[in-house]
Amino acid sequence: AQPSAPAPISAPLRDLEYGQLNFLHTTDTHGWLAGHLHEPSYSADWGDYISFSLRIREKVEAKGQDLLVIDTGDRVEGNGLYDSSIPKGIYLSEILRHQHIDILTSGNHELYQQNTSKNELLTTVPNFRGHYLSSNIDIYHPKTNELVPLAPRYKKFTTQLQGIRIVAFGFLFNFNGNYNNTVVQPVEKTIQESWFQEAIQDKEVDLFLVAGHVPAHSPEYRAIFKAIRKVHWATPIQFFGGHQHIRDYAQYDSRAFALASGRFMETIGFASIDGLSTSSQPSVASSPVFKRRYIDNNLFSFYHHTGLDQDTFPTEKGREVTQMITDARSALSLDTVFGCAPRNLWMTRVPYNDPDSIYNWLATEVLPQALKDESRGDSPAVAILNSGGIRFDIFKGEFTRDSAFIISPFPNKFRYVKDVPYDKVQLIMTVLNQQAKIVSTSEDENPYIHELGTPGQSHADGDYEEEETNKATEETRPLIIDGAGSHQAPLWAKRSDNPDIFPGYTTKDDAGTDGDDTIHSPVKNYMVPNCIQGHIPGNKTALSETVDLVYIEFLEPFLVLAGKFAQLDVDFINESEEYMSGVQLTDLITTWVGDNWKCDE
Ligand SMILES: Nc1ccn([C@@H]2O[C@H](COP(=O)(O)O)[C@@H](O)[C@H]2O)c(=O)n1
Ligand SMILES: [Zn+2]
Ligand SMILES: [Zn+2]
């Protein structure tokens with residue numbers, strides 16, 4: 001029987017504009033497959049997304065159109081569901097595989113640790129065999145030690161219903177922070193290889209599909225665009241990108257567009273193309289039409305776009321996966337409470353030195369009070385953290401095991417060098433926070449800067465003031481609504497009269513300001529420096545002329561460079577030692593929370 005239509009709800013939503021070929025896209029999910037438990041606007045989980053894509057497929061296929069589902073990497077690191085299991089990711093891999101994904105690629109986070117890339121090769125690639133593409137990543141096979149492609153370089157396929165002939169690639173940006181069991185070849189070099197050149201010589205192609213963990217606006221995508229255009233002046237190209245954790249849409253020409261779909265399961269990207277040629281109709285008269293939409297990841301949006309409701313929307317598979325997520329969270333004790341945060345602490349909604357900034361909290365409370373290596377006696381220390389290592393806000397209320405991994409998922413330890421002149425430490429801080437200037441002297445145009453600071457931000461001018469709030473680069477979310485649980489639609493979804501506009505994404509991209517499905521009011525957004533420092537003991541005036549320079553180990557390659565600029569004669573790699581017996585930042589935060597943030601009885 002036909003599902004009955006849901007009761008109409010008046011809400012400020014823009015519809016999806018379907019085409020001959022339609023896409024759903026996720027990127028940078030970073031383990032958030034349970035959705036956002038405290039933010040109704042992003043509260044749908046991977047099971048709901050599975051139902052959504054099945055329902056959208058039914059809808060488009062009923063019209064004879066095709067649907068492709070894409071994921072562009074950074075599926076790992078960033079949430080207790082991935083990071084808290086031993087080994088990491090055992091539950092996540094099982095949950096992920098239930099989504100049908102037509103094309104998926106690796107992000108940089110799949111390559112930082114040896115075990116993670118090994119797991120991609122031995123578990124995720126086989127789970128998505130025939131769909132996982134890796135145009136520029138090789139891996140030393142753990143059994144043979146032979147350098148092999150992580151996955152096939154590209155594939156050619158034809159869509160099910162219309163016979164649209166597609167050549168697809170799967171790239172990673174020019175990343176160089178990978179563990180040495182993998183090799184990432186720069187995109188510009190890869191596209192000169194014979195296999196790529198042969199792939200783009202194919203004349204029987206209706207669409208080039210470039211999926212990648214690459215920013216939508218990037219020198220890497222421009223290079224690929226140019227290489228394809230040299231051979232095919234008019235064949236449509238659809239890029240899917242990620243890595244910057246932003247909603248973005250780039251226009252390369254009238255037939256080539258790139259969509260980036262945010263981060264952390266906040267956004268389901270939608271794109272469509274009309275006017276494509278097909279195998280049975282190889283020439284079309286009209287120009288193709290490209291559309292895009294950024295869907296807020298919640299059930300209210302899902303019901304709206306499918307025309308279904310809470311009874312008709314869920315699928316059996318979706319329900320099963322939601323149950324798998326609930327079971328995994330319970331097995332991992334992710335709801336265990338360590339303390340209660342007395343207030344919200346923000347990454348970018350307030351200036352970084354504001355009392356409500358998470359960075360200010362770390363610099364003035366956590367580091368001075370919790371980071372102390374007793375073997376160093378009274379030696380004062382300055383501890384440096386990269387802002388990019390802090391991944392999310394803290395919401396007022398219960399701080400759980402999940403919260404700890406959400407804020408600080410990386411197994412980063414602290415290292416230190418003794419007796420560094422305090423003024424040199426300050427010079428190093430200045431250099432680190434001006435990293436763009438160092439980078440601009442390098443030969444390539446690698447967006448290396450994203451390897452240090454908070455994703456989605458550029459720190460080139462050292463200006464940390466409020467940004468324009470309507471930029472696609474902003475990180476915007478609706479205000480937390482206390483007490484809201486999982487699977488709730490935004491509060492206004494329950495009103496059928498005159499819905500309020502809630503703060504959230506207000507994206508401006510190359511196609512304009514109408515990309516977001518949900519109409520929001522903007523949220524303030526402030527720049528954050530690449531690095532912050534905490535003084536141990538906290539009183540700066542009590543510091544002696546030299547201090548222990550303590551740093552999070554991820555920063556070491558950047559410190560080597562910054563040390564040279566500051567003319568500091570220290571060999572960080574050979575002279576540094578583990579600080580505080582190798583304590584990790586995540587554990588430091590958890591201990592501090594347990595000691596300082598008591599919950600009311
Ligand atoms: N061990 C690590 C690994 C990464 N980071 C931070 O993550 C940033 C990259 O994250 P994306 O999701 O944008 O790819 C990187 O720039 C570092 O800031 C880290 O701190 N420690
Ligand atoms: Zn990411
Ligand atoms: Zn990334």
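Aromatic rings of H245 and F264 (six-membered ring for Trp) have centroids within the 6.0 Å cut-off, being under it. Ring centroids of F392 and H36 are separated by less than 6.0 Å, placing the two rings close together.
When all heavy atoms of S117 and N181 are compared, the pair lying nearest together is OG-ND2, 2.9 Å. The two residues M347 and Y359 make their nearest non-hydrogen contact at O-CE1, 3.3 Å. When all heavy atoms are compared, the tightest approach of G339 to C599 is C-SG, 3.4 Å. Across all non-hydrogen atoms, the minimal contact from Y132 to P152 is O-CD, 3.6 Å. Shown here for I536 and K372, the closest heavy-atom pair between the two residues is CG2-CD, 4.0 Å. Contact between V528 and S387 at its shortest, heavy atoms only, is CG1-CB, 3.6 Å.
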request  = Give the intermediate values and the outcome of ring pair (Phe, Tyr, Trp, His ring centres under 6.0 Å) for residues F239 and Y221.
outcome  = CA-CA 8 Å; F239 293 88; Y221 270 178; 4.6 Å; yes
Chi angles and distances behind the salt bridge (Lys or Arg N to Asp or Glu O under 4.0 Å) call for R153, D138 = CA-CA 10 Å; R153 299 287 191 224; D138 289 331; 2.6 Å; yes
ask   = After noting the C-alpha distance and the side-chain angles of E577 and R415, does the key distance pass the salt bridge (Lys or Arg N to Asp or Glu O under 4.0 Å) rule?
value = CA-CA 5 Å; E577 295 170 42; R415 299 189 69 76; over 6 Å; no
Derivation and outcome, ring pair (Phe, Tyr, Trp, His ring centres under 6.0 Å), residues F175 and Y112 = CA-CA 10 Å; F175 175 55; Y112 280 115; 5.2 Å; yes
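Applying the side chain to side chain contact (heavy atoms under 4.5 Å, CB included) rule to S375 yields the partners D373; only residues at least two apart in sequence or on another chain are considered. Partners of S379 according to the side chain to side chain contact (heavy atoms under 4.5 Å, CB included) rule, which considers only residues two or more places apart in sequence or in another chain, are R376, D548.
Other residues, nucleotides and ligands place no more than 12 heavy atoms under 6.0 Å from the CG atom of D569. More than 12 heavy atoms of other residues, nucleotides or ligands shown are found within 6.0 angstrom of CD on E188. The neighbour count for K564 NZ, taken as heavy atoms of other residues, nucleotides or ligands under 6.0 Å away, does not exceed 12. For NZ of K118, the number of neighbouring non-hydrogen atoms (other residues, nucleotides, ligands) closer than 6.0 Å is 12 at most.
Checked by atom type and distance alone, the side chain of S357 pairs as donor or acceptor with a backbone atom of Y352 at under 3.5 Å. When atom types are taken as modelled, the side chain of E575 and the backbone of D571 share a donor-acceptor pair closer than 3.5 angstrom. Between the side chain of D402 and the backbone N or O of G80 there is at least one donor-acceptor pair closer than 3.5 Å. When atom types are taken as modelled, the side chain of T182 and the backbone of Y179 share a donor-acceptor pair closer than 3.5 angstrom. Within the 3.5 Å criterion, the main-chain N or O of L33 finds no donor-acceptor partner in the side chain of N79. Panel note: side chain N344, backbone K396; a donor-acceptor pair is recorded below 3.5 Å.
Remark: of the listed residues Y579, F572, F558, F572 is the sole one forming a ring-ring contact (aromatic ring centres under 6.0 Å, His included) with Y551. Among T336, L334, D335, the single residue meeting the side chain to side chain contact (heavy atoms under 4.5 Å, CB included) criterion with L332 is L334. Results of the side chain to side chain contact (heavy atoms under 4.5 Å, CB included) test with L371 over L585, V366, L588, L362 single out L588 as the only residue that passes.
D28 has no carboxylate O lying under 4.0 Å from a charged side-chain N of R75, or vice versa, which leaves the two without a salt bridge. For D83 and R401, the salt-bridge test fails: no basic side-chain N is under 4.0 Å from an acidic carboxylate O.
The aromatic rings of H109 and F410 sit parallel, their planes meeting at an angle under 30°, below the 60° perpendicular limit.
Taking the side chain as every heavy atom from C-beta outward, P421 and L568 approach each other to under 4.5 Å. For the pair Y505 and E266, the minimum side-chain heavy-atom distance is below 4.5 Å.
Donor-acceptor pairing under 3.5 Å is lacking for the side chains of T29 and T26. No donor-acceptor contact under 3.5 angstrom links the side chains of Q113 and E77, judged on distance only. Side chains of H25 and D71: no donor on one and acceptor on the other come within 3.5 Å. Under the 3.5 Å distance criterion, with hydrogens and angles disregarded, no donor-acceptor pair is assigned to the side chains of D74 and T27. Using modelled atom types and a 3.5 Å distance limit, the side chains of Y416 and E578 yield no donor-acceptor pair.
Annotation: side-chain hydrogen bond (donor to acceptor under 3.5 Å, both in side chains) contacts involving residues 587-596, sequence neighbours excluded, comprise Q369-W592.
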